[in-house]
Structure formats: C-alpha cells, structure tokens
Amino acid sequence: MSIKISIAPRTLHFKQPAGTSRGVYTTRQSWFVTATDNAHPDIRGVGECAPLPDLSCDATPEYEERLKELCNTVEAKGCIDYDALRPYPSVLFGLETALLDLKRGGTGVLFDNSFARGETGIPINGLVWMGNYDEMLQRLEEKMRAGFRCVKLKIGAIDFDRELDLVRHIRSAFTKEQIELRVDANGGFTADCALQRLEQLAQYDIHSIEQPIRQHQWEEMAALCKATPIPIALDEELIGVNDKTEKEELLDRIRPHYIILKPSLHGGMYGSREWIALAGKRGIGSWITSALESNVGLNAIAQFAADVYGESITMPQGLGTGLLFTDNIPMPLEIRGDKLWRTFKVPNKNNKDAEH
C-alpha cells in the first residue's frame, strides 16, 4: 500500500465554556489527517489529532511541525511504527483512525460490531461542567430530565461545600440505584485535605472519584487509594506513562480501583488496549472517554469502546461530548436517552467536511 497523508488544522468553538479545575476552554484546536492509497485515490480515511494544551504529553508549540514529520515517516514505511509513536498519543490516535478508515473503505465504520452498524447503543454518563452553583445545578437538572442514569460532576473549582450541596441535591431526589454518581476533581484536591473530602462525599453513595489529587504524587495517591471510602479512578496520572514497564509499575504501586482511558492522551487505541489488559490482570476496572475531540474522534473512540468491551457494554462510558461545539463535523452520531448511537446513515466516503 502506498499511503499519502494530508493535514488540515481546524479550530472548533464550544457552545458554552468548558470549565475544569485547570481552567476554561472556549475553543479546541484539532488537526485532521486524511490518508489515501494511490491504488484507490477516491477512498479517503480521516482521523483527528487533538492534543489538549497543558495536559497532553505531546502538546508542544512545534506540534504541527512534528505531526508532519511523523506523517512523512508513516508514508515512507507504509504503516504505523507503534513503538516509535508511543511518546505522541494524539498523533498515534489520529493516524490509527485514518488508516482504519481507509482500510475499511472510508465510510467512518472502523470496526465490525453492532454499535458501528447502528444496531445497539453505548450507555454514557451525563457530564456536568464546572461553573457557578446555579449554572451547575441547571446543567445537572437538564441531564436528569434527559434520562441519564449516570451523571459525572466536575468538582474542585468552586467552594467545596457548595459542591457538596449539589451532590446532596441529587441524593435527595434519586437513590444510587436510580442515579449512578461519579465526580471528577481533575487533581483539584491537595494531598492533605483529600481523604477528609472523600469521607464527606462518601455519605452520598458516590460510584467513584477521578484523579482527586494532582498527578506525579505516587506515594500520596497510593496511600489515598488504600484508605479511601470511595473507589478512585486514575486519569491524568496515566498521561505520559507510555512504556509498558512504566505502566506496570504505576498500577502496582498505586493500585487504583479504576483507570480511565482517553486514546488521545493515553497512547492511542494501541496504548489504551495495553493499559486495559494490564489493569484487568490486576483486577482493576476501566472505562473509555473522549477528550473533547470533534465527532471524528468521538466516532472512533465509541467504536473502539464497543470493540474493547464487547457488544453488550453495561458500564457507562464518557462519550457524551458530541454536542459541545457550534461548528462540529457532521457524523452519524446521536444521543438517545442515556445512550450514544450511530445512525444508519453512512457518511460521505470522501469526508470532505473534515478537510475544510
């Protein structure tokens, strides 16, 4: 196969500011890679490379230049060198997606499973972004009215007592059987106060908390995982840990209850599979989420989740991000109730919307 890859940058705009404990996003920069084969120039595979500033291990000022170099290497070799791309997870994810799409005819159907064929939906959590108390309460009630049975609440930015009020509000109306509640601190707690706050949250039947303290504090995180009354899920902690031996060391030392995989951040599909396999051997659970990609990336991640976990996924995944942007790229994705579905419509195989 003689592969040619083109690159097109694109800035996406959030409908509402997306707030985390690290700051607020109003735009999202992505680079779309389009792969063609000289033998079939009318078929195009499209992938999305979307590093997150100040978070992705490969987000650098020279990102586009490095992306071009790595695409040139894939063109020259005719395939992906996975070990060479371990330090560049967002690039690897975009190239994996583009080549899978190309191989399967450029229709956006990357895997052969019931979700990709539009036969089943994937359960997802409703996401409540950080904001002031009234904003978060409004968003929370919208998710519950929409029928979500699992809600993820971003915490760590406003006064913690006010955040506890939101959690208390949910539990005053819904039991843990009715609403599964996850919270994501994005590293917003200090190591000194984290356990006390987890004990306060534990009164309200919390399913799990993501990244309670900032990453790179392995000793403190291990102690917290051992003492916590709430299962702890690692997210940011996994970023930049790309070597298999390092992954094993992290899991063995910290012993989290869950890990959360974002292919753009955690090694592409290849690296995410590795994480999931290593965690599974240790009795550590996992789920997959998007990292604020456009629908091109979301489409790939959702199909990947269905491929990894099988066609009858019961644990809600973090895939409810398709409605975040005012200028998202059209893809056959639709949220119905608390599930993400692929519609039966097959996208234009030329994927021109992703190139302009």
Under a 4.5 Å side-chain heavy-atom rule over Ile, Leu, Val, Met, Phe, Trp and Tyr, are [X] and [Y] clustered together?
{"X": "Ile209", "Y": "Leu164", "result": "yes"}
{"X": "Leu234", "Y": "Val308", "result": "yes"}
{"X": "Ile170", "Y": "Ile206", "result": "yes"}
{"X": "Ile230", "Y": "Tyr258", "result": "no"}
{"X": "Met315", "Y": "Phe115", "result": "no"}

Side chains of [X] and [Y]: closer than 4.5 Å at any heavy-atom pair?
{"X": "Cys71", "Y": "Leu95", "result": "yes"}
{"X": "Leu67", "Y": "Tyr88", "result": "no"}
{"X": "Glu237", "Y": "Ile254", "result": "yes"}
{"X": "Ile259", "Y": "Leu251", "result": "yes"}
{"X": "Ile232", "Y": "Ser208", "result": "no"}
{"X": "Thr289", "Y": "Leu319", "result": "no"}
{"X": "Arg10", "Y": "Trp31", "result": "no"}
{"X": "Ile7", "Y": "Phe32", "result": "no"}

Please give me the minimum heavy-atom distance between [X] and [Y], naming the atom from each residue.
{"X": "Pro229", "Y": "Leu195", "result": "CD-CD1, 4.2 Å"}
{"X": "Ala35", "Y": "Leu99", "result": "CB-CD2, 3.8 Å"}
{"X": "Asn242", "Y": "Cys57", "result": "ND2-SG, 4.0 Å"}
{"X": "Leu127", "Y": "Lys143", "result": "O-CE, 3.3 Å"}
{"X": "Leu324", "Y": "Leu292", "result": "CD1-CD2, 3.6 Å"}
{"X": "Pro53", "Y": "Ala59", "result": "CA-CB, 4.3 Å"}

Requested in this report: Would you please test Ile301 and Phe93 for side chain to side chain contact (heavy atoms under 4.5 Å, CB included) and show each step?
Outcome: CA-CA 9 Å; Ile301 294 167; Phe93 173 61; 3.5 Å; yes
Answer yes or no: is there a donor N or O on one side and an acceptor on the other, between the side chain of [X] and the main chain of [Y], under 3.5 Å?
{"X": "Arg104", "Y": "Val109", "value": "yes"}
{"X": "Gln317", "Y": "Ile288", "value": "yes"}
{"X": "His169", "Y": "Asp165", "value": "no"}
{"X": "Gln178", "Y": "Thr175", "value": "yes"}
{"X": "Gln211", "Y": "Ile213", "value": "yes"}
{"X": "Arg168", "Y": "Arg171", "value": "no"}

Any side-chain donor paired with an acceptor under 3.5 Å for [X] and [Y]?
{"X": "Asn113", "Y": "Gln303", "value": "no"}
{"X": "Tyr63", "Y": "Ser90", "value": "yes"}
{"X": "Tyr309", "Y": "Thr314", "value": "no"}
{"X": "Asn38", "Y": "Lys4", "value": "no"}
{"X": "Thr321", "Y": "Ser290", "value": "yes"}
{"X": "Glu48", "Y": "Ser294", "value": "yes"}

State the [atom1]-[atom2] distance between [X] and [Y], to the nearest 0.5 angstrom.
{"X": "Asn295", "Y": "Phe325", "atom1": "CG", "atom2": "CZ", "result": "9.0 Å"}
{"X": "Leu323", "Y": "Glu334", "atom1": "CG", "atom2": "CD", "result": "10.0 Å"}
{"X": "Asn328", "Y": "His13", "atom1": "CG", "atom2": "NE2", "result": "12.5 Å"}
{"X": "Glu293", "Y": "Cys49", "atom1": "CD", "atom2": "SG", "result": "10.5 Å"}
{"X": "Leu340", "Y": "Ile124", "atom1": "CG", "atom2": "CD1", "result": "5.5 Å"}
{"X": "Thr343", "Y": "Met331", "atom1": "OG1", "atom2": "CE", "result": "9.5 Å"}

Query raised in the report: More than 12 non-hydrogen atoms from neighbouring residues, nucleotides or ligands closer than 6.0 Å to CZ on Arg149, yes or no?
Result: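 No - once you tally the heavy atoms of other residues, nucleotides and ligands closer than 6.0 Å, there are 12 at most.
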Query - More than 12 heavy atoms of other groups within 6.0 Å of Glu219 CD - result: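 No - once you tally the heavy atoms of other residues, nucleotides and ligands closer than 6.0 Å, there are 12 at most.
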Query raised in the report: Could you go step by step and tell me if Asp235 and Gln215 meet the side chain to side chain contact (heavy atoms under 4.5 Å, CB included) rule?
Result: CA-CA 9 Å; Asp235 180 357; Gln215 63 266 48; over 6 Å; no
Query raised in the report: Are Glu69 and Arg66 ion-paired here, with the side-chain N under 4.0 Å from a carboxylate O?
Result: yes
Requested in this report: Look at Arg182 together with Glu180 and state whether they make a salt bridge at an N to O cut-off of under 4.0 Å.
Outcome: yes
Requested in this report: Kindly indicate whether a cation-pi arrangement holds for Arg197 with Phe189, taking the cut-offs as under 6.0 Å to the six-membered ring centre and within 45° of the axis.
Outcome: yes
Query raised in the report: Can Thr245 and Glu249 be said to form a side chain to side chain contact (heavy atoms under 4.5 Å, CB included), step by step?
Result: CA-CA 6 Å; Thr245 301; Glu249 183 184 4; 5.7 Å; no
Report task. For Ser172, enumerate each residue passing the side-chain hydrogen bond (donor to acceptor under 3.5 Å, both in side chains) test, keeping only those at least two apart in sequence or located in another chain. Result -> none
Query - side-chain contact (heavy atoms from CB on, under 4.5 Å) partner of Arg44, chosen from Asp101, Asp37, Thr34 - result: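 Per the side-chain contact (heavy atoms from CB on, under 4.5 Å) rule, the option paired with Arg44 is Thr34, out of Asp101, Asp37, Thr34.
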May I have the list of side-chain donor-acceptor pairs in residues 267-281 shorter than 3.5 Å, sequence neighbours left out?
| residue | atom | partner | partner atom | Å |
| --- | --- | --- | --- | --- |
| Ser272 | OG | Gly268 | O | 2.8 |
| Arg273 | NH1 | Asp307 | OD2 | 3.2 |
| Arg273 | NH2 | Asp307 | OD2 | 2.6 |
| Glu274 | OE1 | Arg86 | NH1 | 2.9 |
| Glu274 | OE1 | Lys247 | NZ | 2.8 |
| Glu274 | OE2 | Arg86 | NH2 | 3.1 |

**Report entry** Those residues that, when tested against Trp341, pass side-chain contact (heavy atoms from CB on, under 4.5 Å) (two or more places apart)
**Finding:**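 If we apply the side-chain contact (heavy atoms from CB on, under 4.5 Å) test to Trp341, skipping adjacent residues, the hits are Arg336, Lys339.
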Query - CA sep, side-chain torsions, deciding dist, call: Asp58, Leu92, side chain to side chain contact (heavy atoms under 4.5 Å, CB included) - result: CA-CA 11 Å; Asp58 55 353; Leu92 176 55; over 6 Å; no
